[in-house]
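Below: one structure, written as structure tokens.
The sequence lines fix the lettering, A, B, ..., with proteins before strands; numbering per chain opens at 1. Scope of the values below: all heavy atoms of this structure, side chains included, with no hydrogens, waters or symmetry mates.
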Number of protein chains: 2
Amino acid sequence: MASAAGVSYQTVSRVINNHPSVKPSTRERVLAAIEELGFRRSATALALASGRARSVTVLTANTTHYGYAATLQGIEEAARASSYAVGIGVLETADEAAVRAEVQRAADAGGGLIVMAYDTAGVRALAAIPEELPVVGVVETPASPPGEHRPWVWTDDREAARAATRHLLSLGHETVHYVAIPSSTRRTGQRTAGWRDALREAGAAEPRPVAGSWDPASGYRAGQKLARDPSVTAILCGNDDLALGVIRALHEAGRAIPGEVSVAGFDDAPHSAYLTPSLTTVRLDFTGLGRAAFGLLYGLVEQAEPVAPHPVSVPELIVRESSGPPPR
Amino acid sequence: MASAAGVSYQTVSRVINNHPSVKPSTRERVLAAIEELGFRRSATALALASGRARSVTVLTANTTHYGYAATLQGIEEAARASSYAVGIGVLETADEAAVRAEVQRAADAGGGLIVMAYDTAGVRALAAIPEELPVVGVVETPASPPGEHRPWVWTDDREAARAATRHLLSLGHETVHYVAIPSSTRRTGQRTAGWRDALREAGAAEPRPVAGSWDPASGYRAGQKLARDPSVTAILCGNDDLALGVIRALHEAGRAIPGEVSVAGFDDAPHSAYLTPSLTTVRLDFTGLGRAAFGLLYGLVEQAEPVAPHPVSVPELIVRESSGPPPR
DNA sequence: CTGAAAGCGCTTACAG
DNA sequence: CTGAAAGCGCTTACAG
């Protein structure tokens, strides 16, 4: 106990929380003792006594896909800077009972919550969070506000998809096909909506979207399907991994990219610039998104500033080799 | 308080910890009350009172690269199955003071620790963990035991590198160049060592390894360098992302793969099978590694079973399109 | 089988 | 400016 080294007892507490009313000389004495003994205040005792657990736990369906992983990275960065601990809980299925159990576990940690609600599991988790817990959602769509004290962040996926689709149309393609990532709701996802917006604006035909998952294998299957249709000259994919799989399937089917078919992705994952052909995609600032999410949560928990309006990062179209004019 | 609903008080505690001496009828009454009130025991109070914090925090230099992310995923899976909370702390630099600070923060969480010691930051973190804390290391090399009660896990990277190098040599290449990931120590990394082993066994020339980082950009730079040397016909890369960058650089330099140069990677990341050319690589069971790491930690903390010997997963060579015979 | 007491390491008012 | 007291929600021996 640092009190032994110094003289007082919970004066140590005052020093640690740099309370104003402490005589400078005793403060120094205490600080010296803390330094010497390598004293660290117990985070769990603090949490129990004060009721606030300087921590955030992130609830997510996935930790390895680029978008999820990069957002998590941004949250961790910001949390570390504010000396918050960060925990993670994976939502392995979207099953209601399982989601509820994971939410409980996360709530048990006692701190704030950030929910990645890009998918059904995440959306359900967000809905299952008890009223009184501080939580911010990282969501796909700004459709229905989650509630009074429930801020959220998102990237403008719809506008991003519109920009990518316009790009492909501007190259001369008659229409653009779409391989979709799973939507977070029963309704159409934002990327799908933006793609459709652009098609309508241009008066282009609206092909049925091909449902995909998040990984290259799923893109590959979608690509095999699309490769059979000779009218397909442009494909937008819900993320870069899907695009990678689509490209592989087209290649195996003997379709040249971008000579015969153009392909574009989403996210600008680190490897996308180094593929052959390099991938046209839309860059999204996931780490910024994660940092923003933490910022809002911090405000909520510390009640320092009023909850800021949800920040929206601006997606950027990156044109590379995988998109070009259609064959004549 | 559930006691209100039932009749007792810390009998609730006994019921929760299913202590044997509780009359069946009262147990049922308590259980019913718990169910009805949705009572959950406070994890932080439990941690404070019992001294054991059913949690593990993972210290790692990175959360997004495939090997790290997949190992983390394995840890989380296993931890969730044992209802342990999992926290993460990122070692942003290998700077001694910064590493020490992160170790402190992780220790503050009060639970067990798993350190990903694939790099300098991780190795330093492992060394800086206070004696008394339960910790298991996920290490590159089984060289020097970390201590009595400090189990660790690893994959046999050396053997894996040897296998990949032998594969390339067996195709007829005179020698194999190597683009290295950073080593965890000042000494030669295990993958580098295995590559060298195979070269020596075959009596092949030993080119200087090219130092790389973990990402495709770094592989690209290494590839540009190697592309200038016309004698290079086979390149082993420290991971798949590096290989991806190398392939791009070779492609830009007009070198055919595998016609003129063969390339192989490490890890078998999810996209590697879908690249063009698809990537010859060594598959490593990272999620299994993560699960094993948690298993050891659990044994350490719960003192249930004696610390099991470190499990070693067996790497598997996956031959794909990027490797072939040298040009004649 | 089941209470009552003490303590985990802090914080938060309350006295001096 | 700085103690002494009570309490955060549990667990761990100790009594009955």
Side-chain angles (χ1 to χ4, degrees), chain A residues 1-34 37-55 83-85 104-105 107-111 130 132-134 301-303, chain B residues 1-34 37-55 83-85 104-105 107-111 130 132-134 301-303:
Chain A
M1 187 66 79
S3 56
V7 191
S8 37
Y9 166 86
Q10 55 272 71
T11 297
V12 174
S13 174
R14 279 187 265 262
V15 170
I16 288 178
N17 297 299
N18 52 12
H19 194 87
S21 61
V22 175
K23 188 155 49 155
S25 64
T26 87
R27 152 160 300 151
E28 291 203 10
R29 224 166 345 127
V30 173
L31 251 22
I34 286 177
L37 304 184
F39 172 80
R40 297 224 103 206
R41 131 172 92 183
S42 156
T44 106
L46 181 153
L48 185 59
S50 73
R52 281 185 278 138
R54 320 193 100 253
S55 76
S83 29
Y84 264 51
Q104 292 276 38
R105 266 167 51 67
D108 286 349
E132 66 278 14
L133 259 41
V301 172
E302 307 278 338
Q303 292 168 339
Chain B
M1 188 66 78
S3 56
V7 191
S8 38
Y9 166 84
Q10 56 272 71
T11 297
V12 174
S13 174
R14 278 187 266 263
V15 171
I16 290 179
N17 299 299
N18 51 13
H19 194 87
S21 61
V22 175
K23 189 157 47 157
S25 63
T26 86
R27 151 160 301 152
E28 291 204 9
R29 227 170 339 129
V30 172
L31 250 21
I34 286 176
L37 304 182
F39 172 80
R40 298 225 104 206
R41 129 169 93 183
S42 157
T44 105
L46 181 152
L48 185 58
S50 74
R52 281 185 279 138
R54 320 192 99 253
S55 76
S83 30
Y84 264 52
Q104 292 276 37
R105 267 167 51 65
D108 287 348
E132 66 278 13
L133 293 180
V301 172
E302 309 278 340
Q303 294 167 338

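Atom CZ in Arg52(A) sits about 11 Å away from atom P in dT11(C), given to the nearest Å. Atom NZ of Lys23(A) is separated from atom C1' of dG3(D) by 14 Å (rounded to the nearest Å). Rounded to an integer number of Å, the gap from CG of Asn18(B) to C1' of dT2(C) is 17 Å. At whole-Å resolution of the value, CZ in Arg14(A) and C1' in dT11(C) are 10 Å apart. Spacing between atom NE2 of His19(B) and atom P of dC10(D) amounts to 18 Å, rounded to whole angstrom units. Atom P of nucleotide dT12(C) and atom CG of Asn17(A) are separated by 7 Å, given to the nearest angstrom. Summarising the geometry, the separation between CG on Leu46(B) and P on dT11(D) is reported as 5 Å, rounded to the nearest angstrom. Taking atom CD1 of Ile16(A) as the reference point, atom C1' of dC10(C) lies 9 Å away to the nearest angstrom.
OP1 or OP2 of dT2(C) sits under 4.0 Å from a side-chain N or O of Thr26(B). For the OP1/OP2 pair of dT11(C) and a distance below 4.0 Å, the side-chain nitrogens and oxygens of Ser13(A) include at least one atom meeting the criterion. Regarding contacts with the backbone of dG3(D), a side-chain N or O of Thr11(A) is found under 4.0 angstrom from either OP1 or OP2. Between Arg27(A) and the phosphate of dC1(D), there is no side-chain N or O to OP1/OP2 separation shorter than 4.0 Å.
Comparing Ser25(B) and Ser50(B), the nucleotide of DNA chain C nearest to each residue sits closer to the 5' end for Ser25(B).
In terms of the salt bridge (charged side-chain N to carboxylate O under 4.0 Å, His left out) criterion, residue partners of Arg40(A) (sequence neighbours excluded) are, by chain and number, Asp108(B).
For residues 42-54 of chain A, the set of pairs meeting the side chain to side chain donor-acceptor pair (under 3.5 Å) definition, not counting sequence neighbours, comprises Arg54(A)-Glu302(A).
Between atom NE2 of residue His19(B) and atom OG of residue Ser13(B) there is a gap of 9.5 Å, rounded to the nearest 0.5 Å.
Between the side chain of Arg27(A) and the backbone N or O of Asn18(A) there is no donor-acceptor pair closer than 3.5 Å.
Checking dC8(C), dT12(D), dT2(D) against every side-chain atom of Val22(A), the shortest atom distance belongs to dT2(D). Among the nucleotides dC10(C), dT12(D), dC8(D), the one closest to the side chain of Ala45(A) is dC10(C).
Considering all non-hydrogen atoms of both residues, Gly110(B) and Ala53(B) come closest at O-CB, 3.6 Å.
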For this session: Kindly express the pairing pattern of DNA chain D in dot-bracket notation, using | wherever a base pairs with another strand and counting only Watson-Crick or G-U pairs under 3.5 Å.
Result: |||.||||||||.|||
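Atom CD of Glu28(A) sits in a sparse spot, with 12 or fewer heavy atoms from other residues, nucleotides or ligands closer than 6.0 Å.
A 4.5 Å side-chain heavy-atom check between Ile34(A) and Ile16(A) finds at least one atom pair inside the cut-off.
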